[in-house]
Amino acid sequence: MSIYDSLNPRQKEAVFCTDGPLLLLAGAGSGKTRVLIHRIAYLIEEKKVNPWNIFAITFTNKAAGEMRERVDNMIGYGADKIWVSTFHSACVRILRRDIDKLGYNKNFSIYDTDDQKRTIRDVVKSLMYDKKMFTEKACMNTISTAKEQYMSVADFKEDAKGNFRLEKMATIYEKYQKQLETSNALDFDDILYKTVELFEHHPEVLEYWQERFKYIMVDEYQDTNAVQFLFVKKLASKYKNICVVGDDDQSIYKFRGADIRNILDFNSYFPDATIIKLEQNYRSTSNILNVANSVIRNNSGRMDKTLFTENGEGEKTAFSCYEDNYKEAEGIAKIIKKLSADTSNYSDFAVLNRTNAQSRVFEEKFMEYDIPYKIVGGVSFYARMEIRDIIAYMKLVHNICDDQAMKRIINVPRRGIGLTTIDKLNSYAIENGICLYDAACSVGKISDIKKAAASKILSFVQMIESFRDIAESGKVSELYAKILEETGYVENLTIEGTDEAKDRIRNIEELNSKIVNYEENASESNLDEFLSEVALISEVDSLSSDNAVTVMTIHSAKGLEFENVFLSGLEEGVFPSYIVTEYGDDEEIEEERRLFYVAATRAKKRLFISVAKKRAINGMTQYNDISRFVKEIDSDLLDLAPSFSKTSNISQIRSVNSYSSTAIKPANPMMTYKEAKEENPLEEGLSYKEGDRVRHIKFGLGTVKSITPVENDYEVVVDYDKHGVRRSYASFAKLKLEML
DNA sequence: CCTACTACGCTTTTT
DNA sequence: GCGTAGTAGG
């Protein structure tokens, strides 16, 4: 009896296939992490591979942490020698060793999205470009996309030739990159980009890491972008022992540069690659899988793969249609209340939304119904103002050229250094091609700055210098204590005395315990490593095991599983998102469809799908169609009317699953799919006919192209003046005849 | 130099 | 419908 006996034949095959390139197509819930762990064990125990030579790459710290733990549990000797790490933290380690070869200093700062945004803002301003035309968002997107594709400033310029806007973008990219160099800082994309650049220009460095990592494994491979692929490809090009695990159907990060072709074309990059499919699902019932399958099969260009399970049929997916999003949240709250009555096990439930904004109502209703819940997402701990401020002090001490850190704290807490003074410092720095702090050091030479202001700046510089002395000799916690003491940060908050200020003080204390905790766990505590860790951490990583319902976006739910899953807001314009339905192409619709697939396959036992006829979004009220994804589900997989319909129809007879037969009777009767269709306008007939001008609540004026009767309703095709041709159900669209 | 008000602008977000 | 960012006024 060996540890490998518990694996199914396909899984075994994957574990034993250790040499040469391997593509593991692992469907949702097919036990891929298990396979990876067993594969590592097999490499070490049977193939006598040195743990030192194994590298497992994940996307999230959470995934890395989980894998680390499971590896440690399974493998005794040498487990700690295996690199289990995210792309970014691996690259940071590689860069800390050799980035000086690219002209950066080894104590580089890591700029997060906010630092990036501010830098871009400064750049656009200094170029005097129209900030309406070159919004931070657009610039960030452009630069990020370029870097994700390993496109240099020079390449970008070349491509931009003749295009006015792109040429300006190229200038922004160039200046932005210059600014980062002056600040000795890398943004998230640079971390990958610079590593690949290092490999490319310094073969001896690449050689070193190729020898180090003879066996490479990449999890969630469908989410890799071009530069990540280059990184992996270069590392693996010598020994070619590369195993990638992914599921093309679960690729949901295209908007962040993930390139699905990396998985679809894997065997053209590695011609002799073995391909193994894991198609047995151990998580969900077949009814749930079939819901997922019936939707995802509408995508083209998938790898051929069909999930099956031996878990039994299970219950049908309950479909409910509510009056509005408040009733929807309330209905879900009631079902949870009912279902958890015996067990009180709230952690078995998850509400998955398309957008974060949808969470709000659930928060309200769960409070009202006394259901413990936790909302994933929102402002992360390290994004809080006070935490960023303190960290900015540390970052400046660590890397004196970090201009964003400098700008953040030069007058925080208030020390009378105003915007005009900072502007003067800034122009001096730009003129001389130096960083802000260096400019501050020679403030005496800047004639524009008056004596009074100059002395304030000098005392700031002196303070930072004293911090640097501590950082040289002491621990992170000592530096932290010194910073708080000298700046009087907490005192300022205490004087404020508001509840908000008290919260902030608590957060600062929390930061202290995080630092202490770090020092206890890290092998050697240094500022360098601490700051890297902080920069690359995210709050979602600490998913606690509270007894609470989880409310989150589908994106954050990836990789998780729950007994009961509620998918809310299955409406056109919500899911799929209006951005895609209005401006997107087929590919983007397919990504939304994959998102639905990911969402549905999170459920183990029961899946609930709901829509609201009326939804309050961004301060407006919208009336949306039922999502196309619902219509794609085979209707016999759906329980259309869980017991409480007000009219008797066949759907009542069909509702025989266990939860609905226990007759949950909401105070406000839910609307069912059929009712929604019936409610209107069959009895009176439609007020409009083909060729009429009608008004849609969202799309405005349009001309009716055709009206087709369907079961209990009409499908109306309208050519809208502003939004083009759209089809909707008459009962949902509530079209009004436009009187002339 | 700091505070208060208005205007704007909205998907998803592993790092 | 809310949070942020930029501007005007004290």
Side-chain angles (χ1 to χ4, degrees), chain A residues 57-65 85-92 110-114 116-118 121 125 131-132 135-137 140-141 144 147-148 186-193 219-220 222-225 227-228 250-258 352-358 360-361 376-380 382-383 385 411 414-423 452-453 456 532-541 543 552-560 569 573-584 588 591-592 594-596 598-599 616-621:
Chain A
I57 313 173
T58 64
F59 275 81
T60 64
N61 294 301
K62 187 168 144 260
S85 120
T86 64
F87 273 104
H88 287 81
S89 53
C91 288
V92 167
I110 298 170
Y111 273 12
D112 65 12
T113 322
D114 193 65
Q116 207 181 342
K117 224 190 244 170
R118 288 162 191 260
R121 191 155 56 212
K125 207 173 180 180
K131 64 183 176 201
K132 290 255 164 63
T135 59
E136 290 150 23
K137 231 184 140 178
M140 271 172 69
N141 255 327
S144 216
K147 288 183 180 176
E148 278 156 4
L186 302 187
D187 64 23
F188 284 141
D189 299 312
D190 282 337
I191 291 172
L192 263 302
Y193 187 106
D219 197 9
E220 304 282 13
Q222 75 280 355
D223 291 331
T224 49
N225 60 33
V227 67
Q228 285 162 337
Q250 289 188 70
S251 164
I252 54 174
Y253 281 105
K254 189 182 161 225
F255 69 95
R256 292 197 36 99
L352 305 187
N353 296 317
R354 178 64 184 83
T355 65
N356 277 311
Q358 288 167 253
R360 200 181 205 92
V361 208
V376 177
V379 200
S380 99
Y382 289 100
M385 185 178 79
N411 197 34
R414 305 256 119 89
R415 46 177 75 90
I417 303 175
L419 277 178
T420 41
T421 314
I422 297 171
D423 266 353
K456 282 175 189 162
S532 302
E533 205 163 292
V534 165
L536 299 178
I537 214 156
S538 83
E539 267 312 88
V540 197
D541 293 336
L543 197 92
M552 61 183 155
T553 63
I554 301 164
H555 284 91
S556 352
K558 186 152 149 238
L560 306 177
V574 177
F575 190 14
S577 156
Y578 71 94
I579 306 232
V580 172
T581 57
E582 307 248 326
Y583 316 103
E588 286 171 89
E591 174 131 328
E592 296 275 317
R594 290 193 289 272
L595 200 51
F596 179 90
V598 168
I617 284 184
N618 297 140
M620 325 185 277
T621 308

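No experiment lies behind these values; they were computed from the predicted model shown. We name chains A, B, ... by the order of the sequence lines, and we start the count at 1 in each one.
Screening A:Q228, A:K254, A:K558 against A:D223 for a side chain to side chain donor-acceptor pair (under 3.5 Å) leaves a single residue, A:K558.
Residue A:N353 places no side-chain N or O under 4.0 Å from the OP1 or OP2 atom of B:dT11. Applying the 4.0 Å criterion to OP1 and OP2 of B:dT14, one finds that A:T86 has every side-chain N and O outside that range. Put simply, A:T421 has a side-chain N or O that comes within less than 4.0 Å of OP1 or OP2 on B:dC1. For the OP1/OP2 pair of B:dC2 and a distance below 4.0 Å, the side-chain nitrogens and oxygens of A:R415 include no atom meeting the criterion. Not one side-chain nitrogen or oxygen of A:T113 sits closer than 4.0 Å to the OP1 or OP2 atom of B:dT15.
Of the candidates B:dT15, B:dT13, B:dT11, the closest approach to any side-chain atom of A:N356 belongs to B:dT13. Picking from C:dG6, B:dT15, B:dT11 the nucleotide with the shortest atom distance to the side chain of A:S577 gives B:dT11. Among B:dT15, B:dT12, C:dG6, the nucleotide with an atom closest to any side-chain atom of A:K131 is C:dG6. The listed nucleotides are B:dC10, B:dT14, B:dT13; the one nearest the side chain of A:Y578 is B:dC10.
Put simply, CZ on A:R360 is 14 Å from C1' on B:dC10, counting in whole angstrom units. A:K137 has its NZ atom 7 Å from the C1' atom of B:dC10, to the nearest Å. Atom CD of A:Q358 is separated from atom C1' of C:dG1 by 15 Å (rounded to the nearest Å). For the pair A:K117 NZ and B:dC10 P, the computed distance is 11 Å after rounding to whole Å. For the pair A:E591 CD and B:dT14 P, the interatomic distance rounds to 15 Å; values are reported in whole Å. To the nearest angstrom, P of C:dG6 lies 10 Å from CZ of A:R118. Rounding to whole angstrom units, CZ of residue A:F59 and P of B:dT13 are separated by 16 Å. For the pair A:N618 CG and B:dG9 C1', the computed distance is 9 Å after rounding to whole Å.
Closest of all the heavy-atom pairs between A:V574 and A:G569 is CG1-O, 3.4 Å. Taking all atoms of both residues into account, the shortest heavy-atom contact from A:N225 to A:G257 is CB-O, 3.0 Å. Closest heavy-atom contact between A:L352 and A:A599: CD1-O, 4.0 Å.
No engagement by A:T58 is indicated, since no non-hydrogen atom pair under 4.0 Å with the nucleic acid exists. Among the atoms of the strands shown, none is found under 4.0 Å from any heavy atom of A:D112. Residue A:F87 is classed as having no contact, given no heavy-atom separation below 4.0 Å to the nucleic acid. As judged by a 4.0 angstrom heavy-atom cut-off over every strand, A:R121 is placed among residues touching the sugar-phosphate backbone only.
With the nearest nucleotide of DNA chain B identified for both A:E588 and A:K558, A:E588 has the one nearer the 5' end. Each of A:E592 and A:T420 was assigned the nucleotide of DNA chain B with the nearest heavy atom; the assignment lying further toward the 5' end belongs to A:T420.
Put simply, A:F255 does not rest on the base of B:dT13: the two rings are not both less than 5.5 Å apart at their centres and under 30° in tilt.
For A:R354 against B:dT12, a side-chain-to-base donor-acceptor contact under 3.5 Å is present. Side-chain N/O atoms of A:R256 and base N/O atoms of B:dT15 include a donor-acceptor pair closer than 3.5 Å.
Residues A:I252 and A:H555 are in side-chain contact: their nearest non-hydrogen atoms beyond the backbone lie under 4.5 Å apart. Considering only heavy atoms from C-beta on, A:L536 comes within 4.5 Å of A:I191 through its side chain.
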